[in-house]
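Chain letters run A, B, ... following the sequence lines, proteins first and then strands; every chain starts at 1. Because only heavy atoms are used, hydrogens play no part in the values below, and waters and symmetry mates are left out as well, while side chains stay in.
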Amino acid sequence: MEKALTLVYIIPQKFQKKRLNDIKLSMVKKKIPNASILGPDVTHIVSESDSYEQVLRFVEEADIPEEAEIVSTRWLVECLQQSKIVLVLEVHRLKKIKADNVISPKTTTDQNYEWACQRGARLEHFNKKFTVDLELLQTHAEFCNEMHSQSRALAFRRASCVLKTLLFPLTHIKQLDGVKYIGGHVRKVISDLLDLGSSPEVEEIKFSDWFRKMKLFTSIFGVGPATAKSWIEKGWKSIEDVRNAGHPSKDWRIVWGLAFHEDLTTPVSRQEADRFMDILQCEAQNILPGTIITLTGGFRRGKSNGHDIDILITHPTDGAELGILSKLLDVLDKKDIILSGQRMKNTFSTEALNEESRSMHGKFDHFEKWFGICKFPKAFQHPTTPSGCQSSKEDSTEVKDNKNSSTHSDPLGLPFMETQLTRNSNNLSVPLVSVKTDLKHRSNVKNKSYISNTCVYEGEGEPHVPSTKKFKHEDCSEKEVVEMARPQTDWLARRVDLIVTPYSQYYYALVGWTGSKHFNRDTRLYAQQVLNLRLTSHGLYDMKKQEALQATCEEDVFRHLNLTYRDPMDRNC
DNA sequence: AAGCAATGGAC
DNA sequence: GTCCAT
DNA sequence: GCTT
Ligand SMILES: Cc1cn([C@H]2C[C@H](O)[C@@H](COP(=O)(O)OP(=O)(O)OP(=O)(O)O)O2)c(=O)[nH]c1=O
Ligand SMILES: [Mg+2]
């Protein structure tokens, strides 16, 4: 009994495969004896479960040696870290749960659910004071380009999302005992907020020059933490500094983002989004009757403002949607709505495995997304305006979203006139040439406004046309773009995302583009870890069986995931 | 000790 | 690969 | 940073 001091048995259930493997390897390295079966010599039983009762689901009570300790993985990890058998403490033991022992953590969060996608978070909740500061720490971590800062950012976000689901305003730090994702750092911040009304750490960051400059520069479309840092190092302190410094970038997004920074950082109202939807709805019907367009993104989750407009386009007949994006963009272009943009392709869904699909790819090649900048008349901000989308058939396009009855045919007319421009939009069938900007000046009724329209770049050849490499981009110099941005008074530049999907993928796209971003990350992680499925905005894939699960409504998506359905309003995590 | 969502485009 | 975008 |  004195020689075999320790024999560890690990209950494999509930372990991630890789993690279990790593632990076993470490045990060999650190010479900690590991039993392959639960025999009478076992001294320590290690499990991922969190109670004695749960352990009994995996092993027979009779097989447990009299003197054996039943401990959490935490104990084993500490042994591995310290390269010795550490003394078993109370915190390590997996104990019996007495019903009366539990202070019902049930009521602390919206059920005990560990995944944000199971909980349901609303825009309005009781703990904004805390979530705002935690999300500031998240942003700060995202600015840091250190090795693990992105992960730290994620941790702050998770903590914030937990607080959003609390059913009461926090008053004591004790209320967070045993709550997931609330660790030492987060606890300290919340403690300070409770005790002092503010967190010294957060306040220091908030008012630091570096953080303010990073926020300012990264608010420019196309500028991320790396670029922002490099600009700070150059000593630039304001947007004007950057503009005056010459041509810092060849990236079209930064050129336009700089020029229209003020417009693009002015929040988009729901009102504007609806106006734009009206136009799109109408034009889409003209191009292809039966087309379904849906306002997604934050607006669909009930936000009253947004940083952009996300619109999903599909058609009940699979395949009918092909090519509609190019046509739609042509129409918008003719109406002088488009300032600039970029088309993107889709990955073909079965890409997972097939090398063949690569070769086939060219055949199915099409653009499915457009990220761009549009002109929105300021009249959009007002309740109604007459419209000018002709030939609107009275077809009500089905808009599934009942609550946000965005798109009733209330066509409006307005200052989009028939100025027509030679801008080239990338069209599949028409491989093109970059069109030099010809600046067209157009005087508008009210104020003279120079709208130089330009093609921002050009397009893309067919795969078999070997000639030009894809996108080149307009030679419109930064100065010209800035010129263009300056004295306009009757419209605002707005970021618009258009996404086209085949109907077979529509509801996955709807879930994905409705978000929130954190909801998506959480749901995808859940799908991966719990169900071994891969969730994207195109579908849900069983990688073992090599099959895609079909969905004919949003509820289907949740059902496949074994999640209770969440209204978009409840996905604000 | 290792993972943290998944994807595409421009350099 | 890095950076930026969704 | 937090979980497993
Ligand atoms: C940014 C981002 C968005 N998305 C999805 C979820 C988002 O709701 C959707 C649209 O993106 P966004 O328009 O960036 O997000 P949003 O509409 O929720 O917020 P905002 O009001 O600021 O516009 O795309 C991701 O899946 N991953 C991402 O990294
Ligand atoms: Mg949005």
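Of the side-chain N and O atoms in Gln529(A), none sit less than 4.0 angstrom from OP1 or OP2 of dC4(B). Considering only side-chain N and O atoms, Arg524(A) lies nowhere under 4.0 angstrom from the phosphate OP1 or OP2 of dT7(B). Remark: Thr227(A) is in phosphate contact with dC4(C), judged by side-chain N or O atoms under 4.0 Å from OP1 or OP2. A sub-4.0 Å separation between OP1 or OP2 of dG1(D) and a side-chain N or O of Arg152(A) is present. When the side-chain nitrogen and oxygen atoms of His538(A) are compared with OP1 and OP2 of dA6(B), none of them lie within a distance under 4.0 Å. In this structure, Lys180(A) reaches the dT4(D) phosphate: one of its side-chain N or O atoms is under 4.0 Å from OP1 or OP2.
When heavy atoms are screened at a 4.0 angstrom cut-off, Ile220(A) is found touching the sugar-phosphate backbone but no base atom. At the heavy-atom level, His518(A) lies nowhere under 4.0 Å from the strands shown.
Where Lys369(A) and Asp522(A) meet DNA chain B, the nucleotide closest to each residue was compared, and Asp522(A) sits on the side nearer the 5' end.
In this structure, the CE atom of Met344(A) is 9 Å from the C1' atom of dC4(C), given to the nearest Å.
Closest to the side chain of Arg158(A), from the set dG1(D), dT7(B), dT6(C), is dG1(D). For Asp497(A), counting side-chain heavy atoms from C-beta on, the closest listed nucleotide (dT6(C), dG1(D), dA5(B)) is dT6(C). Taking every side-chain heavy atom of Phe221(A) into account, dA5(C) is the closest of dA6(B), dC4(B), dA5(C).
Within the 4.5 Å cutoff, side-chain heavy atoms of Thr523(A) are placed close to those of Leu563(A). You'll find the side chain of Leu137(A) stays beyond 4.5 Å of the side chain of Val186(A), heavy atoms only.
Of the N and O atoms on the side chains of Ser516(A) and Arg571(A), not one donor lies less than 3.5 Å from an acceptor on the other residue.
Rounded to the nearest Å, the gap between the P atom of dT4(D) and that of dA5(B) is 15 Å.
Counting non-hydrogen atoms of neighbouring residues, nucleotides and ligands closer than 6.0 angstrom, the CG atom of Asp542(A) exceeds 12 such neighbours.
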